[in-house]
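Predicted model only: the values in this text are computed from it and were never measured.
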Amino acid sequence: ASMLQRALAGLYRLDGVQQAMLFDDSGSLLASVGDEGAIPPVDHAVDVLSAALEAADALGLGAIYEVWCEGKERTMIDVASPTRVVALSGSGGRLARWRHAIDRDRRIFATTPQ
């Protein structure tokens with residue numbers, strides 16, 4: 001398996017993670033590891049990130065590097081580079097743990113070729 005697949009598999013093994021995804025700045029899914037038979041919710045992650053970017057722009061808040069959504073389901077989106085975005089979704093688990101794991105492999109996610 002590639003370094004990218006290994007890194008995503010490591011995220012998927014975190015407590016509570018049901019899908020680990022990497023997509024590009026056009027919203028195209030590049031890679032994912034997740035529960036068997038489940039469709040990676042990349043559209044949801046793209047919509048959430050788009051809304052955050054629009055809000056930040058409208059309010060003059062500057063750049064967005066990370067977005068968390070917490071409810072019954074949980075989504076964590078990390079802008080690893082201008083063209084690479086990591087998203088984790090699931091329920092339960094600890095966000096701080098998710099975040100630390102993404103940080104550890106950020107370079108792998110950020111430098112994935114097209």
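- Atom CD1 of I39 sits in a sparse spot, with 12 or fewer heavy atoms from other residues, nucleotides or ligands closer than 6.0 Å.
- Scanning both residues, L29 and P40, for their nearest heavy atoms gives CD2-CG, 3.9 Å.
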What's the verdict on side-chain contact (heavy atoms from CB on, under 4.5 Å) for Q19 and L88, showing C-alpha distance, side-chain angles and the deciding distance? CA-CA 6 Å; Q19 291 282 343; L88 301 180; over 6 Å; no
List the steps and the verdict of side-chain contact (heavy atoms from CB on, under 4.5 Å) for I77 and V85. CA-CA 7 Å; I77 299 166; V85 180; 3.5 Å; yes
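- In terms of modelled atom types and a separation under 3.5 Å, the side chain of W98 and the main chain of D15 share a donor-acceptor contact.
- There is a side-chain donor-acceptor pair under 3.5 Å between W68 and E66.
- A 4.5 Å side-chain heavy-atom check between V17 and S89 finds every atom pair outside the cut-off.
- To the nearest 0.5 Å, atom CG of residue D78 and atom CZ of residue F109 are 9.0 Å apart.
- Between A45 and A87, the shortest heavy-atom distance links the atoms CB-CB, 3.8 Å.
- Contact of the S91 side chain with the Q18 side chain is registered, since non-hydrogen atoms from C-beta on lie closer than 4.5 Å.
- Interatomic distance, CE of M3 versus CG of L8, reported as 11.5 Å (0.5 Å rounding).
- To the nearest 0.5 angstrom, C69 atom SG is 10.0 Å from L95 atom CG.
- Going from atom CG of D24 over to atom CG of L30 covers 5.0 Å, rounded to the nearest 0.5 Å.
- When all heavy atoms of V42 and G27 are compared, the pair lying nearest together is CG2-O, 4.2 Å.
- You'll find the side chain of R84 stays beyond 4.5 Å of the side chain of F23, heavy atoms only.
- Side-chain contact between P41 and M21: present, with at least one pair of heavy atoms (C-beta onward) separated by less than 4.5 Å.
- Between R99 and R94 the shortest side-chain heavy-atom distance does not fall below 4.5 Å.
- When hydrophobic clusters are built by joining Ile, Leu, Val, Met, Phe, Trp and Tyr residues whose side-chain heavy atoms come closer than 4.5 Å, directly or via intermediates, L4 is not grouped with V79.
- For R104, the CZ atom is densely surrounded, since the number of other residues' heavy atoms within 6.0 Å is greater than 12.
- Atom CD of Q5 and atom OG of S32 lie 7.5 Å apart (nearest 0.5 Å).
- The minimum heavy-atom distance between A52 and I64, with the atom names listed, is O-CD1, 3.8 Å.
- Under the 4.5 Å side-chain heavy-atom criterion for ILVMFWY residues, no single connected hydrophobic cluster contains both L49 and I102.
- With a 4.5 Å cut-off on side-chain heavy atoms, T75 and V48 do not count as touching.
- One distance of note links CG of L22 with CD1 of I108; it measures 11.0 Å at 0.5 Å rounding.
- Between V86 and L11, some side-chain heavy-atom pair lies under the 4.5 Å cut-off.
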